[in-house]
Amino acid sequence: MGIRSLTRTEAQRRAALLTVERYDVDIDLTALPGGPEVRCVSTVTFTCHEPGAETFVDCAAQVRSATLNGAALMPTGDGRIPLPALAEHNVLRVESVQADTTTGEGVHKAIDPADGEVYVWMSFEPDEARFVWACFDQPDLKAPHAFTVTAPSAWTVTSNSGGARVEELDSARRWTFPDTPPLSVYNTVVNAGPFHEIRHEADGHDLGLYARRSLGEVLERDAGEIFTLTRQGLAFFGEVFSMPFPQRRYDQVFMPEFGGAMENYGCVTWSDMFLRRATPTPAERELLAKVLLHEMAHMWFGNIVTMRWWDDLWLNEAFAEFACHWAAERATRYTDAWAGHLASDKLKAYLADQGPVSHPIHQPIHDVAQAASIFDSITYPKGASVLQQLMTYVGEERFTAGMAAYFARHAWGNTTLQDLIDALAEAGGRDLDAWRTAWLETAGTDRFSLEREGGTVTLVADGPPRPQVLAVGAYGHNGKDLERRALVRVEVTRTRTEVTGLPPAADFLLINDDDLTFATARPDPTTRDALFRTAAELPTAISRGVAAATVWDMLTTGEATAAEAGRCITEVVVAETSDAVIEPYLTMAANIAELWAPPGERAGLTAAVAAACRRLAADPGRRQVALRGLARTATSGQDLAWLREQAGDDVDLHWRALVREAELGGDVASETAVLLERDPDPDAWVRALTVRAALPDPAAKAEVWQRLAGWAAGGRPDGGRGAGGGCVAAAARGPGAARARPAARAPRAGGGVWGGGGGAPAGPRPLCRSGGGGLLAPRPGRPAGPVCPALPGIDPPSAPRRNDPGDDLHEPSLPAARHRRRLHRAGPTTVPGGSSGGPHHAAGTLGRGTPYAPRPNSGGLTRSSRRRPPAARGGGDGNRAVPVLLRTSLSVSAVGRSKSAPQMDSHASADTKWSFRPSS
């Protein structure tokens, strides 16, 4: 019998019937070092408002015993235990065991490949606490939680409230944590292991950082910046929400095999991929800052005040997405955070929202399983941008007052979207019902242009616009420099709006200057060429970003050529002064050259980007980014030789150069073996596999594909070896390489392509941490494997290709990195154009010739946030999704779906061809 998903109707009935007074949860981790079991005793004290009624408690773990008020209970096998004949006051006690801590839900055991140490983490959003202990697993039954954890004596245990009382036992220690404030079950956490710990006092808060011991040096290197960002974020949110964070202790725990980050109250769990062995680039540092601030924003918007039901999960995430950019710009050194948002995630949102299956931001959710289907570029970056527009529309001061009132009114309770709208409408003195309908319940993107007639300038919408406030900037030349002469805000309520206050002699007018709304723009025919010519001359990162976004959007709709767009964006790269956007613009320029340009122009545009990279490399602050860009765009042996000379001891950069040499057809087998020996990273075998996949050889690509597909189907192509890494590492070194890697260098337990390791059970495992541009990007309740860049020629749908925006030049899109996304059965949202799109999108055009890619649920593979597909949770088939696409003759199809998926014809260059066929 499958595990049932809670429906909205069931949740409403249960919330009306019960009040949960408290949870007392006793967790035993002592079996984990040598075995898989986590044992729990959950005692739930609750009140029933209709004595004699019946309901159920959620428990999808193995139930050893269960009693309600002393009477024995019997589970039904569908993840529920019936609770008949409820009294007014009730005590439920359930003993349970979760024995699948390798691939199961809610709790995961990881073994560090560097030293064999064991770590365990728990993560429950949206409804996975029930896989570990018995609970009422829905967001609007909040209660205090008291955790008692028995763990091996060498381990440290972290949980929400911190400050545990620790007792020494015979061969273990017992950690008794204080009660949490009233929390939804999904906001609780327990992590444990022999951590490296760093603590710091800041503004009255006790801040803690934890990581596995083998990453201790990296944590020490980054701790100062993380503590500074944490202090700045807590101060900013405490001020703008008029509510200081109410707990003294705030911990952040970096865990192996964890996807993204999770906003557990007072104890945020991160993937330890954010602790980079290579020196982080500016964009990678900014990504860490944004993730940190995103999860911190959830302390208020998500934990202290929690959505009533999952149809407002989009709001929970979009608000945190908005708030992290707001805080970064106002409170940290990352003052161009909104420009970074525009240069990456927002462009993806524009593309998705102008596609054939765009959808409203707010959607009804029937059951918890359906909640996983709503996450995409519309939900996250468009949602964040729309909330930024809401702040602009209301006014920042009034918006802040409305948020303060909202938190004061609803602290430790549950709300709906309407509660937030009402608080902001009251503070802002505006009726926001029309705004809500237009922005949240209507799909599509507004488009604006300007008409000039005499001295009159008119803002013209391409169709009925949403109510919004945007700005028009007027720019003029002062010698060689272009400077802003005026900025006029315009409130749009109809198709044509006169813009007053602009200087009559402006050389250039920029629609949506300061990027205050979610809308695209078009220059009029007389100023079209000026846009391409002027974009790099604009004086700020955000103004250049708005111009670049227009150029990119014109390219995707066939209104600009690849040569025009490529030259323009390359000029912007060279002129750019902001670290926030250098990397995404380099990626955009390289994408245009490689994926959009016709064959006759491709080499020239690529060479122009490579030349820009060499020029940027002369600046010490841009050197690392520029050399990574050159590793993608090098066109000759001379480029590669210069790149290696500049790389010095940078192992990461040598891997990137080797990938490019492989793509250009070089003999890389011996050099791969040497670099594999030199690289101290336990996951270096994946880099070697990446090099092999990059060869323009269908046989090499087929070999890599067969290994990965064999893993995905649960096969053991290593002939039964359990170490996980030796065979694939040898294969990565090329034909004839037979030496297995030492055990200490093998992939982390269970993290190989097909097997376990370090004593962990062998079997299929997810590859790659979310946010690494990898093959599988799991939500926090799913384990992640060794970090794996998107392999050259192996294009994870909905993830960056090869050296695409989210891999080599900077971290992937912020949602992808942060929100535990996982590729699963649905549809490719992109093809080799990567997340930025390209002319090789899978199908057709829309409207004005807009290329589009199939959206999630159109067959194939896609990212989703936080959850496994329903089939994997009971119901539907249980086939595993093949996680990658290879540019070979192999066909690629959905697994366990009847919808269409693209099939790729054999082709080793970027000119990948796609066709469709029904999936098996």
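Here the structure is a predicted model, which is why all the values come from computation and not from measurement. By convention here, the first residue in the shown sequence is residue 1.
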**Message:** Using side-chain contact (heavy atoms from CB on, under 4.5 Å), reason through M122 and W133 one step at a time and then give a plain yes or no.
**Reply:** CA-CA 11 Å; M122 299 183 185; W133 59 71; 3.9 Å; yes
Side chains of [X] and [Y]: do they bring a donor and an acceptor to under 3.5 Å?
X	Y	result
D179	S161	no
N187	N264	no
Q252	T230	yes
N303	T306	no
K109	T102	no

Side chain [X], main chain [Y], donor-acceptor under 3.5 Å:
X	Y	result
W121	V253	no
S271	F258	yes
S159	G162	no
Q98	F131	yes
S42	V25	no
D650	L653	yes
Q247	N160	yes
H294	A289	no
T180	H145	yes
H108	T101	yes

Smallest separation among heavy atoms of [X] and [Y], with atom names:
X	Y	result
A371	L313	CB-CD2, 4.4 Å
F237	A327	CZ-CB, 3.7 Å
L275	A211	CD1-CB, 3.7 Å
D137	P126	OD1-O, 3.9 Å
M255	A192	CE-O, 4.2 Å
G208	F227	N-CE2, 4.3 Å

**Asked** Would E263 and N316 satisfy side-chain contact (heavy atoms from CB on, under 4.5 Å), going step by step from the backbone distance to the final call?
**Response** CA-CA 11 Å; E263 68 262 23; N316 193 47; 3.8 Å; yes
**Item:** Y186/W310 aromatic ring centres below 6.0 Å
**Value:**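 Distance test on ring centres: under 6.0 Å, yes.
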**Request:** Give the C-alpha distance, both sets of side-chain angles, the deciding distance and a yes or no for salt bridge (Lys or Arg N to Asp or Glu O under 4.0 Å) between R248 and E201.
**Result:** CA-CA 10 Å; R248 170 170 158 74; E201 288 280 333; 2.3 Å; yes
Hey, are the side chains of [X] and [Y] touching, using non-hydrogen atoms and a 4.5 Å cut-off?
X	Y	value
V41	S96	no
D206	D251	no
T158	V190	no
Y265	T188	no
D127	Q138	no
R174	T176	yes
E220	L209	no
V132	C40	yes

**Message:** I'd like to check the ring-ring contact (aromatic ring centres under 6.0 Å, His included) partners of Y210; sequence neighbours left out, ordered by chain and number.
**Reply:**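 Checked Y210 against ring-ring contact (aromatic ring centres under 6.0 Å, His included); matches are F195.
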Residues [X], [Y]: salt bridge by 4.0 Å N-O rule:
X	Y	result
R130	E128	no
D28	R39	yes
E117	R213	yes

**Request:** Check step by step if side-chain contact (heavy atoms from CB on, under 4.5 Å) holds for W155 and W175.
**Result:** CA-CA 10 Å; W155 286 14; W175 299 67; 5.9 Å; no
Rounded to the nearest 0.5 Å, what separates atom [atom1] in [X] from atom [atom2] in [Y]?
X	Y	atom1	atom2	value
H205	F245	NE2	CZ	7.5 Å
R249	C267	CZ	SG	8.0 Å
L215	D112	CG	CG	7.0 Å
D679	H654	CG	NE2	11.0 Å
L292	F274	CG	CZ	10.0 Å
T30	D170	OG1	CG	11.5 Å

**Asked** Given D652, which of R678, R276, R687, R277 fulfils the salt bridge (Lys or Arg N to Asp or Glu O under 4.0 Å) condition?
**Response**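 Among R678, R276, R687, R277, the one that satisfies the salt bridge (Lys or Arg N to Asp or Glu O under 4.0 Å) with D652 is R687.
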**Request:** Assess whether salt bridge (Lys or Arg N to Asp or Glu O under 4.0 Å) is satisfied between D26 and R93, documenting all intermediate values.
**Result:** CA-CA 11 Å; D26 194 316; R93 185 181 185 277; over 6 Å; no
**Item:** Check against salt bridge (Lys or Arg N to Asp or Glu O under 4.0 Å), E217 and R221
**Value:** CA-CA 6 Å; E217 288 186 11; R221 180 198 68 192; over 6 Å; no
Return a table of donor-acceptor pairs under 3.5 angstrom between the side chains of residues 146-153 and protein atoms on other chains or two or more places apart.
none

**Request:** Could you check L234 against M296 for side-chain contact (heavy atoms from CB on, under 4.5 Å), going step by step and ending with a plain yes or no?
**Result:** CA-CA 8 Å; L234 289 172; M296 184 180 289; 3.8 Å; yes
